[in-house]
Protein chains: 2
Amino acid sequence: MHMARAGLTADRVTLAGAELADEVGLEHVTMSAVARRLGVKDASLYAHVRSLEDLRGRIALLAADEKTIRIAEATAGRAGKDALVAYANAWRQYAHDHPGRYTATQIPIQIDPELVARAAGPRRAVELTYSMLRGYALEEPDLTDAVRLMRSTLHGFTSLEAAGGFAHARPAEDTWVRCLDALHTLLEHWPTHDEGDSA
Amino acid sequence: MHMARAGLTADRVTLAGAELADEVGLEHVTMSAVARRLGVKDASLYAHVRSLEDLRGRIALLAADEKTIRIAEATAGRAGKDALVAYANAWRQYAHDHPGRYTATQIPIQIDPELVARAAGPRRAVELTYSMLRGYALEEPDLTDAVRLMRSTLHGFTSLEAAGGFAHARPAEDTWVRCLDALHTLLEHWPTHDEGDSA
DNA sequence: AGGAAGAATCTAGGGCTCCTAGGAAAACTC
DNA sequence: GAGTTTTCCTAGGAGCCCTAGATTCTTCCT
């Protein structure tokens, strides 16, 4: 008699937490709530996950992996502005589809280093940005700066959009398209260094 | 005998919460912690603040006000790239000086509307961006798009920087300066619409 | 098949948090 | 100085995080 095993595992717990985050917001992802969703007592989760903070970190890494995969698929075989647009749209779409997971991405890094080492997501994400920008003729350190600008703008836009930062006057979608245009032309005409600040 | 009155008020509670947020992080701002810092029992706070969520909202509005004031002071009497740089530096500096308050800014809006109406911060912030960008020859709707791009990039950069998103290879400071250059030239050569997508 | 070893889950409980209800004490008003 | 209002308190319920130790399920060995 009695219940069959729930078949928990660190990954299943993380997934349940991620789903919950998308549904009710990351701040409402609690041990008890995840346990309830899995039909299990909260104490049972601690065999698979060290703490709530650990769980949040795992959700963040899961999100980073998923987002990276989406971007990789979207940009595969594309170059130039095509690649830029595909990259950016995949980023934004992921944030829309998985708002809870995406906000997990933003938490200041306090994740088990061993776990981070095993997750390829964040590292590959940066690499993808680099290779996507290789279509534009940028040399280091301009390339690094461009990568950072790129990531800042995409993150800032999706983040502000999710927080309701854009008043309704003009559709965010239209602004998005124009911003991508702007970024593209900016990357094509990246201001070179020796102008005004060198002796 | 007994204690003298603590002299609490909604603003004093909010300020204590804001200070605590800067010291230990917004997620550790609890009713009990704020009460302890004020030398008071946690139940006493509920005479001034509706709930923890309400308190967080008040901290967010306080931060928005303060940030706006700093930006206004920094850009006063400046124009063009001067104004742009002053604006951006004030933004970033505020995030550095008050990390807890700044992250409060990012919480999805769920603040008492009556409170929001009384706080001029967020509205003035957008107005300031508009007037700062008037130096560049932009017409609507390009102006709105530029404002949004501007805010997205600044928010994204400071947010990623605070989260440790920039590996140590190149100093974030250098990238920052170059990004402002890039934004400036972008605003001067904002891509006009009728190119490629109109019939 | 029987039983030992190991893993997964549960029960019990401590400490902390948010928040409410109602009482005591200070400050203000006249 | 008495009454009113405001400020702060004590008391307590409900929920959450997490630990310790018991219990049940699986697996695997012989």
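Residue numbering restarts at 1 for every chain, and letters A, B, ... go by the order of the sequence lines.
- Summarising the geometry, the separation between CG on L38(B) and C1' on dC9(D) is reported as 15 Å, rounded to the nearest angstrom.
- Computed from coordinates, the H28(B) NE2 to dC16(C) C1' distance equals 13 Å when rounded to whole Å.
- For NE2 of H189(B), the number of neighbouring non-hydrogen atoms (other residues, nucleotides, ligands) closer than 6.0 Å is 12 at most.
- Rounded to an integer number of Å, the gap from E27(B) CD to dT17(C) P is 14 Å.
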Any protein N or O atoms within reach of nucleotides 14-17 of chain D? Criterion: under 3.5 Å, listing atom names and distances.
residue, atom, partner, partner atom, Å
dC16(D), O5', S32(A), OG, 3.4
dC17(D), OP1, M31(A), N, 3.1
dC17(D), OP2, M31(A), N, 3.0
dC17(D), OP2, S32(A), N, 3.0
dC17(D), OP2, S32(A), OG, 2.9

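- Distance, R50(A) CZ to dT19(D) C1': 15 Å, rounded to whole Å.
- Put simply, S44(B) has a side-chain N or O that comes within less than 4.0 Å of OP1 or OP2 on dC9(D).
- Between H48(B) and dC8(D) there is a side-chain N or O to OP1 or OP2 distance below 4.0 Å.
- Under the 4.0 Å criterion applied to side-chain N and carboxylate O atoms, R178(A) and D174(A) are not assigned as salt-bridge partners.
- Summarising the local packing, CD of E140(B) is surrounded by more than 12 heavy atoms from other residues, nucleotides or ligands at distances under 6.0 Å.
- Residue pairs meeting the salt bridge (Lys or Arg N to Asp or Glu O under 4.0 Å) criterion with at least one member in residues 154-165 of chain B, sequence neighbours excluded: R92(B)-E161(B).
- Distances from the side chain of A47(A) to the nucleotides dT9(C), dC8(D), dA12(C) place dT9(C) closest.
- R124(A) and T68(A) are not linked by any side-chain donor-acceptor pair at a separation below 3.5 angstrom, with hydrogens and angles left out of the test.
- With hydrogens and angles left out, the side-chain atoms of H184(B) and Y136(B) include a donor and acceptor closer than 3.5 Å.
- Here dA21(C) is the nucleotide among dA12(C), dA21(C), dT9(C) with the atom lying nearest to any side-chain atom of A43(B).
- Between the NZ atom of K41(B) and the P atom of dT10(D) there is a distance of 6 Å, rounded to whole Å.
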